[in-house]
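Contents: one structure, followed by commentary.
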Amino acid sequence: MNPSILLLAAALAGAILPIQAGANAALAKAFGHPLTATAASLIVSIGLLLPILACLRTEVPGWRILLSPPGWAWAGGVVGMIFLTASLHIAPIVGATAFVALAVCGQLVSSLLIDYFGAFGFAPKEINPLRVIGVALMVAGVGCVHLGTKHLAPAQSNEAPVR
């Protein structure tokens with residue numbers, strides 16, 4: 001596949017994350033509890049995924065296949081639930097820009113270490129000055145976003161923050 005298409009797809013996937021944070025915060029407000037909103041969001045995801053799997057005629061894995069991945073491979077679902085729940089708590093308070101900037105910054109720092117150690121199935125990659133400078137610039141960018149935010153009050157909307 002053309003690498004440019006993959007880069008564009010990654011950028012578009014990232015561009016919709018602020019929508020997810022706002023939508024999930026609205027669910028939490030409506031349902032009265034963040035974990036209920038997380039469950040509802042994940043149910044919608046499963047409801048969309050299952051028909052796609054059926055149309056693609058993917059094979060349902062047997063127990064042997066389900067038990068074959070390393071234990072840490074199942075952490076993706078846990079991490080997704082944690083991120084989803086954190087986003088619906090934090091984004092309404094700090095705003096979409098600050099939340100996404102902080103999330104991306106955290107992802108870059110942890111990704112640099114994951115690459116270096118070759119953790120979680122990734123091939124090891126060196127930490128060189130250019131990569132460190134790139135991450136440092138992102139951290140500085142998060143600082144600029146924070147300084148540009150007047151206060152950590154709920155975002156300017158009619159929505160109350162989730163408690």
Subject >> Atom pair CG (L137) and SG (C144), whose distance is rounded to the nearest 0.5 Å >> reply: 10.0 Å

Original post:
Angle class for the W72/F120 ring planes (parallel below 30°, perpendicular above 60°, tilted otherwise)?
Top reply: perpendicular

**OP:** May I ask you to test the F99-V145 pair for a side-chain heavy-atom distance under 4.5 Å?
**Re:** no

Original post:
Nearest 0.5 Å, what's the CD-CZ distance between Q107 and F83?
Top reply: 6.0 Å

Original post:
Looking at L8, N2, L6, which hits side-chain contact (heavy atoms from CB on, under 4.5 Å) with S4?
Top reply: N2

Original post:
How many angstroms lie between NZ in K125 and OH in Y116, if you round to the nearest 0.5 Å?
Top reply: 14.5 Å

Original post:
Hey, does I127 have a side-chain heavy atom less than 4.5 Å from the side chain of L112?
Top reply: yes

Subject >> Donor-acceptor contact below 3.5 Å, side chain S45 vs main chain S41 >> reply: yes

Original post:
What pairs with S87 under side-chain hydrogen bond (donor to acceptor under 3.5 Å, both in side chains), at least two apart in sequence or on another chain?
Top reply: none

**OP:** Treating Ile, Leu, Val, Met, Phe, Trp and Tyr as nodes and any side-chain heavy-atom pair under 4.5 angstrom as an edge, say whether V100 and V109 lie in one connected cluster.
**Re:** yes

**OP:** Looking only at non-hydrogen atoms, find the nearest pair between A91 and A21 and report the distance.
**Re:** CB-CB, 3.7 Å

Original post:
What is the distance from atom CG of L113 to atom CG of L108, rounded to the nearest 0.5 Å?
Top reply: 11.0 Å

Original post:
Got R131 and D115 here, is their nearest side-chain heavy-atom distance under 4.5 Å?
Top reply: yes

Original post:
Distance from M138 atom CE to L102 atom CG, nearest 0.5 Å?
Top reply: 10.5 Å

Original post:
Any side-chain heavy-atom pair from L84 and Q20 closer than 4.5 angstrom?
Top reply: yes

Original post:
Which heavy-atom pair separates T85 from P34 by the least distance, and what is that distance?
Top reply: CG2-CB, 4.4 Å

Original post:
Less than 4.5 Å apart, any side-chain heavy atom of L27 and any of L88?
Top reply: no

**OP:** Tell me whether V78 is reachable from L42 by hopping between hydrophobic residues (I, L, V, M, F, W, Y) whose side-chain heavy atoms are closer than 4.5 Å.
**Re:** yes

Original post:
What distance do L12 atom CG and I5 atom CD1 have between them, rounded to the nearest 0.5 Å?
Top reply: 11.5 Å

